[in-house]
Amino acid sequence: MRVILRFIALIVVVTVTLFGGFISSIWNETYCDVIENNWGIVIPTDEGYSEEVSADSGASFHGDGTRYHVMYFDDAERISVLLGWSDEIPESYIEYSERLLDELDINYRPDYESCVFYTQTKSDGSVILIFWDEDLQEMYVVEEFL
């Protein structure tokens, strides 16, 4: 009987250890991983990456809402060639970004004149705005999910 109890205890310990490792791998996901999953945009985080600011409008039943992240990268050159950046940001996108950041009550914002810009829209109307300031080596990501 003791052998069976020890065997069951061993199985439980191994199962808990494996499950804990799985959960740990999920929690180690960076926001860049989330961007890749949601938008298909691959942002390298292998070295010299840190998240400086993180805010969102809170959980909702449908997953809609606004998210904002500021990320710092040591390797500015690698990010500067990452996307098809636009040198000119349309005023409508600046106003849109400012409205969303006002709703989140965020003070840490991009200096739009120093940034290049990328945007993508989904068929449901969800939008991602990415501003890259190469001098500060900061990426500002504003997302609105509808």
Peer 1: Measuring from Asp74:CG to Ser50:OG, what's the distance to the nearest 0.5 Å?
Peer 2: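 Reported value, rounded in 0.5 Å steps: 7.5 Å.
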Peer 1: Can you measure from CZ (Arg109) to CD1 (Ile94) and round to the nearest 0.5 angstrom?
Peer 2: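 CD1 of Ile94 is found 12.5 Å from CZ of Arg109.
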Peer 1: Could you give me the CA-CA distance, side-chain angles and deciding distance for Thr30 and Tyr49, then say whether side chain to side chain contact (heavy atoms under 4.5 Å, CB included) is met?
Peer 2: CA-CA 10 Å; Thr30 68; Tyr49 159 82; 3.9 Å; yes
Peer 1: Keeping Lys122 on the side-chain end and Asn38 on the backbone end, is there a donor-acceptor pair under 3.5 Å?
Peer 2: yes
Peer 1: Determine whether Tyr72 and Glu51 satisfy the following criterion, side chain to side chain donor-acceptor pair (under 3.5 Å), listing intermediate values before the conclusion.
Peer 2: CA-CA 6 Å; Tyr72 174 82; Glu51 293 183 22; over 6 Å; no
Peer 1: Please find the pair of heavy atoms, one from Ser126 and one from Leu146, that lie closest to each other, and give the distance.
Peer 2: OG-N, 3.0 Å
Peer 1: Are Val53 and Tyr112 connected in the hydrophobic side-chain network, where two residues link if heavy atoms are under 4.5 Å apart?
Peer 2: yes
Peer 1: Mind listing the closest non-hydrogen atom pair of Glu103 and Thr66 along with its distance?
Peer 2: OE1-OG1, 4.3 Å
Peer 1: For Leu104 versus Ala55, what's the shortest heavy-atom pair and its separation?
Peer 2: CD1-O, 4.4 Å
Peer 1: When rounded to the nearest 0.5 angstrom, what is the spacing between OG in Ser57 and CG in Asp64?
Peer 2: 7.5 Å
Peer 1: Between Arg67 and Glu144, is there a salt bridge with N-O shorter than 4.0 Å?
Peer 2: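 Salt bridge: no.
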Peer 1: Tyr96, Val141: one ILVMFWY side-chain cluster at the under-4.5 Å cut-off?
Peer 2: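 Unlinked, Tyr96 and Val141 end up in two clusters.
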Peer 1: With no hydrogens and no angle check, do the side chains of Ser97 and Tyr140 hold a donor and an acceptor under 3.5 Å apart?
Peer 2: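 The answer is no; no qualifying pair exists.
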Peer 1: Atom CG in Leu129, atom OG1 in Thr119: separation rounded to 0.5 Å?
Peer 2: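 With rounding to 0.5 Å, CG (Leu129) is 4.5 Å from OG1 (Thr119).
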Peer 1: Test side chain to side chain contact (heavy atoms under 4.5 Å, CB included) on Ile130 and His69; report intermediate values, then the result.
Peer 2: CA-CA 10 Å; Ile130 305 176; His69 286 78; over 6 Å; no
Peer 1: Can you name the nearest heavy-atom pair linking Phe73 to Met139, along with the distance?
Peer 2: CE1-CB, 3.9 Å
Peer 1: Please name the pair of heavy atoms, one in Cys115 and one in Pro110, separated by the smallest distance, quoted to 0.1 Å.
Peer 2: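 Distance-wise, the nearest heavy atoms are SG-CB, 4.0 Å.
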Peer 1: Is it the case that more than 12 heavy atoms not belonging to Asn37 sit under 6.0 Å from its CG atom?
Peer 2: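 Yes, the 6.0 Å shell around CG holds more than 12 heavy atoms from other groups.
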Peer 1: Tell me, yes or no, whether the heavy-atom count around Glu88 atom CD, taken from other residues, nucleotides or ligands under 6.0 Å, exceeds 12.
Peer 2: no
Peer 1: Any donor-acceptor pair under 3.5 Å linking the side-chain atoms of Glu52 with those of Tyr108?
Peer 2: no
Peer 1: Count I, L, V, M, F, W, Y as connected when their side-chain heavy atoms are under 4.5 Å apart, and connections chain through other members. Are Leu82 and Phe131 then in the same cluster?
Peer 2: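 No, no single cluster joins them.
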Peer 1: Under 6.0 Å between the ring centres of Phe117 and Tyr93?
Peer 2: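 Ring-ring flag for Phe117/Tyr93: true, centres closer than 6.0 Å.
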Peer 1: Quick check on the hydrophobic clustering: are Val42 and Val116 connected, directly or via other members, by side-chain heavy-atom contacts under 4.5 Å?
Peer 2: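 No: no chain of side-chain contacts under 4.5 Å links Val42 to Val116.
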Peer 1: If we ignore angles and hydrogens, is there a donor and acceptor under 3.5 Å between the side chains of Tyr118 and Gln120?
Peer 2: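 Gln120 and Tyr118 do have a side-chain donor-acceptor pair below 3.5 Å.
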Peer 1: In terms of side-chain geometry, is the basic nitrogen of Glu95 or Arg99 positioned less than 4.0 Å from the acidic oxygen of its partner?
Peer 2: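 No salt bridge links Glu95 with Arg99.
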Peer 1: Could you tell me if the ring centre of Phe145 sits under 6.0 Å from that of Trp39?
Peer 2: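 That pair passes the under 6.0 Å test.
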Peer 1: Under 3.5 Å, is there a donor-acceptor pair between the Trp85 and Ser80 side chains?
Peer 2: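 Short answer, no.
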Peer 1: Has Asp124 got more than 12 heavy atoms of other residues, nucleotides or ligands less than 6.0 Å from its CG?
Peer 2: yes
Peer 1: Applying side chain to side chain contact (heavy atoms under 4.5 Å, CB included) to Ile35 and Ile43, what does each step give before you reach the verdict?
Peer 2: CA-CA 8 Å; Ile35 291 172; Ile43 301 171; 4.0 Å; yes
Peer 1: Do Ile106 and Met71 sit in one hydrophobic cluster, given that two such residues count as connected whenever their side-chain heavy atoms are within less than 4.5 Å of each other, even indirectly?
Peer 2: no
